[in-house]
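Lettering follows sequence order; numbering is per chain, from 1.
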2 protein chains.
Amino acid sequence: MTDSTGSRARGAGKRERLTAAAAEVLHRQGVERTTIADIAKAADVPVGNVYYYFKTKDELVQAALSEHAGHLARLVAELEQIPDPRERLKALVAAWISQRDIAARYGCPTGTLAVELDKRDEGGLDVEAGKVLRLLLDWTEGQFRELGLPDAADQAVTFVGAYQGMSLLASALRDPGIMTREGERLTRWLDTLEEDRLEMSR
Amino acid sequence: MTDSTGSRARGAGKRERLTAAAAEVLHRQGVERTTIADIAKAADVPVGNVYYYFKTKDELVQAALSEHAGHLARLVAELEQIPDPRERLKALVAAWISQRDIAARYGCPTGTLAVELDKRDEGGLDVEAGKVLRLLLDWTEGQFRELGLPDAADQAVTFVGAYQGMSLLASALRDPGIMTREGERLTRWLDTLEEDRLEMSR
DNA sequence: GTCTATAGAACGATAGAC
DNA sequence: GTCTATCGTTCTATAGAC
């Protein structure tokens, strides 16, 4: 039987190790400052062997983007178990805050990757980064719609934008407190929204 | 007499042309994907001549950051002529929206530069980028304080964060409409704040 | 499938003529 | 002050032994 890598018996999931290492190192160092050797070293794989699994550096970037999309999908799957959409959104904020130290140092993984890739006009990786952010936006929009908000799409942009903005400022100013304080503000705002819905029932 | 470049008679402000070109090209392409040759070409200066004015590439990045700080200082000086702090903030939002097409393609110049430089841990340019954002945050905080808000610093983080977030999403999704819609939301929010102040007079 | 060695290209920076 | 030519390094990617 062949497995997902197409091989019969691998060392120990080198492709998976390379993908995970790419996601982490590219987030910390950025795409352009990261060499194939950096990723190979983090994955404990000999440099030349990388090209057996990924033909180009861009394929490794794509793999990192897919990894981040996977993380997001698993997080959303967990949140879906919460019955109330308002509580689901508050749990999302809590998840963001729990990652505050890494976000305050290197920013949101998907957001900072998107910033860097958007400055290209070749390769189409910029579009791929946008798709991961779309995933988050669409799910958030669904929650707001379920909460009965008339402009759910705009609210989602405001909500996710607030997260991207606070991550950027927290990392630029090296202040995790920004994540905490803005997270609490978003939570209070979500509570206010709920009250609005009950009172105005629109 | 010597001028600011330390020379007696320059060609035609090559240092200034290089600084302006650095600010523009580094914003569009990012730091790591931009070569000295790219900046020299945009400034119409021979490649080797660049090193007479800037000893390293990092000095060009620093010059670009100073240029962005200068832009911000000039904008703030204009806004200061408006009597009411609420109108000053609304004029700032209007200035952001007027730049929506460039922001929707390449993001906020200072914000995206900060994202890229923050992933370094050498050179101290990350701190310099943070200082430019601090300039904007401090001025904004002053406006909120003048409006009588008790938590002016946090409000400034929320406000500037919203701008950074909407710029990031607009460029990642290639949608200038995000800048327009979020700008209008911020304007409405500023109007609401004013009403709060009058009603609650806190 | 795994790994070494290296080709080939790009870039930052410098030497030195003018 | 200005510019050309190029050095030295670093990186992506490949060739080919095992």
Check whether any side-chain N or O of R105(A) sits under 3.5 Å from a backbone N or O of R174(A) as a donor-acceptor pair, and report yes or no.
no
In the 5'-to-3' direction, what one-character label does each nucleotide of nucleotides 9-14 of chain D receive under the scheme B = base within less than 4.0 Å of a protein heavy atom, S = sugar-phosphate only, - = no such atom?
--SSBB
Residues E116(A) and K119(B) bridged, charged N to O under 4.0 Å
no
How many whole angstroms separate atom [atom1] of [X] from atom [atom2] of [N]?
X      : N       : atom1 : atom2 : value
Y52(A) : dC18(D) : OH    : C1'   : 15 Å
K41(B) : dC11(C) : NZ    : C1'   : 16 Å
N49(B) : dC18(C) : CG    : C1'   : 13 Å

Validation: residues 134-141 of chain B side-chain donor-acceptor distances under 3.5 Å, sequence neighbours left out:
unit_1	atom_1	unit_2	atom_2	d
R134(B)	NH1	D138(B)	OD1	3.2
W139(B)	NE1	E80(B)	OE2	2.7
T140(B)	OG1	L136(B)	O	2.7
E141(B)	OE2	R145(B)	NH2	2.6

Can you give me the closest heavy-atom contact between L72(A) and V132(A), atom names plus distance?
CD2-O, 3.8 Å
Beyond-backbone contact of D38(A) with Q29(A), side-chain heavy atoms, under 4.5 angstrom
yes
